[in-house]
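Not measured: the values here are computed from a predicted model.
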Amino acid sequence: MTSRIVQQVQQLYSRFDESIIPAMSDVYRADIVFQDPLQRVEGLGEVTRYFAGMMNNLQECRFEFGQVIDMASDQKPGVYQAVLFWTMHYRHPKLAGGKRLSVSGNSHIKFQDKVFYHRDYYDAGAMLYEHLPVLGWVIRHIKKRTEA
């Protein structure tokens, strides 16, 4: 059974744009710690600013959720955690000529009444760097060589 908090997180990210900013305080605590492969930010104000910056120039972004592992914490009574597996679909005019792109990842969240820890795991190269004109060619070339 998926918890109410997990469902709120899924709903929040079903469409990642400026419209979610006011709803973030319904899901995240004021002392939220958010981390992804690009940045670590602390506090709801900083997370809100970070998200607003990420949304800048995005033409489209949404998350499609798959499996969820929802459990109580073994270490702290009343603390719960979940891992949400997702695929992010997005378009940005400076990446891949504005084509729709997708990247898979997962989010580890810890929560009580609201989420106080959120860490995203994904391949930042696959999301961003591989789609930049010159740098993308270099990264794709290196990947091909290491896969051979």
Q: Do side-chain atoms of Asn106 reach the backbone of Val83 as a donor and acceptor pair under 3.5 angstrom?
A: no

Q: Let me confirm one number: the CD-OG distance from Glu64 to Ser104, rounded to the nearest 0.5 Å.
A: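 Rounded to the nearest 0.5 Å, the CD-OG separation comes out at 9.5 Å.
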
Q: Between Phe116, Phe111, Tyr117, which is the residue that forms a side-chain contact (heavy atoms from CB on, under 4.5 Å) with Val79?
A: Phe116

Q: Does Arg62 have more than 12 heavy atoms from other residues, nucleotides or ligands lying within 6.0 Å of its CZ?
A: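 Buried by this count: over 12 neighbours within 6.0 Å.
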
Q: Is a side-chain donor-acceptor pair under 3.5 Å present for Glu60 with His89?
A: no

Q: Just verifying a value: how many Å separate Tyr90 OH and Phe16 CZ, rounded to the nearest 0.5 Å?
A: 13.0 Å

Q: Quick one: NE2 on His92 to SG on Cys61, what's the gap to the nearest 0.5 Å?
A: 10.5 Å

Q: Mind checking the CD-CZ spacing from Glu42 to Arg40? Nearest 0.5 Å is all I need.
A: 4.5 Å

Q: Side chains of Trp86 and Tyr13: closer than 4.5 Å at any heavy-atom pair?
A: no

Q: According to the interplanar angle, ranging from 0 to 90°, do the rings of Phe34 and Tyr50 count as parallel (below 30°), tilted (30 to 60°) or perpendicular (above 60°)?
A: tilted

Q: Roughly how far, to the nearest 0.5 Å, is the CZ atom of Arg29 from the CD atom of Gln112?
A: 5.0 Å

Q: Calculate, to the nearest 0.5 Å, the distance between atoms CG and CG belonging to Leu44 and Asp31 respectively.
A: 9.5 Å

